[in-house]
Amino acid sequence: MATVLPADLPARGAPPAASPPAASPSGVRPPVRSGAPSAATLVGVEVRKSLSTRSGRSVAAAAALLAPAATALIASASTEDLGSVTGPIGVMGMLTGLVLVALGVLSTAGEWSHRTVQTTYLLVPRRGRVLAAKAAAVGLLGAVLAAVSAALVAGALALLAGDVSWDGAGRALGVVVAAGAVFALMGAGSGAALANTPAALTSFYLVVLGVLPLVRTFKPEVGSRLDPAEAVLTLAQGGTPTQSLLVLAGWLGVSLAAGAVVTRRRAVA
């Protein structure tokens, strides 16, 4: 005779009934954490990447120390009165900015040269976020390194230049710090556009140090409207701020726009 099981017990061999999920209070779903890194994290990663290679560290050291060393050498050997510190600070700030161009180029073109760009865009597929993080990191590094260089230049002038005028020194130092960020960003844009470190460096320095000085020789009015190095020197000495700011803004805008457009359309693989 068949045995009748109680209604509340499962038959032998049958899986136990799953208990119903507990209802969350007030019916609100628990928050889902996004897997994308934050903007601050991306900027920190890009800063570490720029300083993780031997070439990046060498360029950073040169940007911070080359201008102060040149200032100390020239000030100790010169017998002429400098008059004001704004000129030497502007010249050395221009030198620091030209070195920082290489740091910007390495941050973007170096990824393509060493094939690390595939890993970068695999981890963060949105190229706009990566480019924005690189720009923020390079601009920050450029400003910090330029500030260190400018402070050391000012210290060398205070110790070795003798009796000079310090009127306008604060403005000149501020210009140098801003120029460090701008030149580093111009290098990043150029590197992103060409995706080749030697090509980007050669092209930039050839134009700024070769073509534009020739233009200034034969067409001074045209050269002054195109030369970013001269714009930095002019701003540091307190002359024609509008034109100089437009020159720097033009170089910065064109280089970053070119780098962004080309990078978005370039195949990674």
Side-chain angles (χ1 to χ4, degrees), residues 39 43 46 50 63 67 86-87 89-109 127-147 149-150 168 170-194 200-201 203-216 219-264:
V43 173
E46 293 300 332
S50 294
T86 57
I89 290 175
V91 171
M92 294 307 161
M94 179 178 62
L95 175 61
T96 301
L98 291 174
V99 175
L100 286 170
V101 169
L103 186 68
V105 169
L106 289 173
S107 71
T108 51
R127 299 191 184 187
R129 292 196 71 202
V130 175
L131 291 175
K134 284 184 178 294
V138 167
L140 178 62
L141 281 174
V144 170
L145 292 171
S149 176
R171 179 194 62 243
L173 292 173
V175 168
V176 169
V177 173
V182 170
F183 273 74
L185 287 169
M186 288 193 293
S190 302
L194 295 178
L201 289 174
S203 301
F204 190 93
Y205 289 135
L206 180 62
V207 171
V208 174
L209 300 178
V211 175
L212 291 179
L214 289 177
V215 174
R216 287 202 312 270
K219 295 286 186 181
E221 67 282 358
V222 176
S224 62
R225 297 176 182 176
L226 297 176
D227 193 347
E230 182 179 343
V232 173
L233 183 58
T234 302
L235 284 173
Q237 294 179 315
T240 59
T242 302
Q243 178 176 309
S244 299
L245 289 174
L246 289 176
V247 170
L248 292 174
W251 274 84
L252 180 62
V254 170
S255 58
L256 290 180
V261 171
V262 175
T263 299
R264 287 177 178 274

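The basis for the numbers below is simple: all heavy atoms, side chains too, and nothing from hydrogens, waters or symmetry mates.
Across Ala188 and Ser107, no two heavy atoms sit closer than the pair CB-OG, 4.0 Å. Residues Ala236 and Ala172 share a closest heavy-atom pair of O-CB, 3.6 Å. When all heavy atoms of Ser244 and Gly239 are compared, the closest pair comes out as OG-O, 4.1 Å. Closest heavy-atom contact between Val208 and Pro213: O-CD, 3.3 Å. In this structure, Ala63 and Leu100 approach most closely via the heavy-atom pair CB-CD2, 3.5 Å.
Under a 3.5 Å cut-off, the side chain of Ser224 and the backbone N or O of Glu221 do form a donor-acceptor pair. The closest donor-acceptor contact from the side chain of Ser149 to the backbone of Leu145 lies at 3.5 Å or more, if one exists at all. Looking only at distances, no side-chain donor or acceptor of Glu230 sits under 3.5 Å from a matching main-chain atom of Arg225. Ser203 places no side-chain N or O within donor-acceptor distance of the main-chain N or O of Ala200, the cut-off being under 3.5 Å. Distance alone, capped at 3.5 Å, is enough to place a donor-acceptor pair between the Arg127 side chain and the Thr263 backbone. Of the possible donor and acceptor atoms, one in the side chain of Ser255 sits under 3.5 Å from a partner among the backbone N and O of Leu252. Of the possible polar contacts, none joining the Trp251 side chain to the Leu246 backbone as a donor-acceptor pair under 3.5 Å is found.
Here Thr108 contributes atom OG1 and Leu131 contributes atom CG; the two are 9.0 Å apart, rounded to the nearest 0.5 Å. Put simply, CZ on Phe183 and CG on Leu95 are 10.5 Å apart, with the number rounded to the nearest 0.5 Å. Taken from NZ in Lys134 to CD in Glu46, the straight-line distance is 3.5 Å, to the nearest 0.5 Å. Note that CG of Leu106 and OG of Ser50 are 8.0 Å apart. Values are rounded to the nearest 0.5 Å. In this structure, OG1 on Thr234 lies 10.0 Å from CE on Met94, to the nearest 0.5 angstrom. Atoms OG1 and CG, on Thr86 and Leu235 in that order, are 12.0 Å from each other to the nearest 0.5 Å.
Contact check for Pro228 versus Leu212: side-chain heavy atoms found under the 4.5 Å cut-off.
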Full working for side chain to side chain contact (heavy atoms under 4.5 Å, CB included) between Leu226 and Val247: CA-CA 6 Å; Leu226 297 176; Val247 170; 5.9 Å; no
Would Ile89 and Leu173 count as a side chain to side chain contact (heavy atoms under 4.5 Å, CB included) if you check the C-alpha gap in whole Å, the side-chain angles of each, and the deciding distance to 0.1 Å? CA-CA 7 Å; Ile89 290 175; Leu173 292 173; 4.0 Å; yes
Go through it in stages, so that I can follow the logic: the residues are Leu103 and Val138, the test is side chain to side chain contact (heavy atoms under 4.5 Å, CB included), and I'd like the CA-CA distance, side-chain angles, deciding distance and then a yes or no. CA-CA 8 Å; Leu103 186 68; Val138 167; 5.8 Å; no
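Remark: of the listed residues Val182, Leu248, Leu98, Leu248 is the sole one forming a side-chain contact (heavy atoms from CB on, under 4.5 Å) with Val232.
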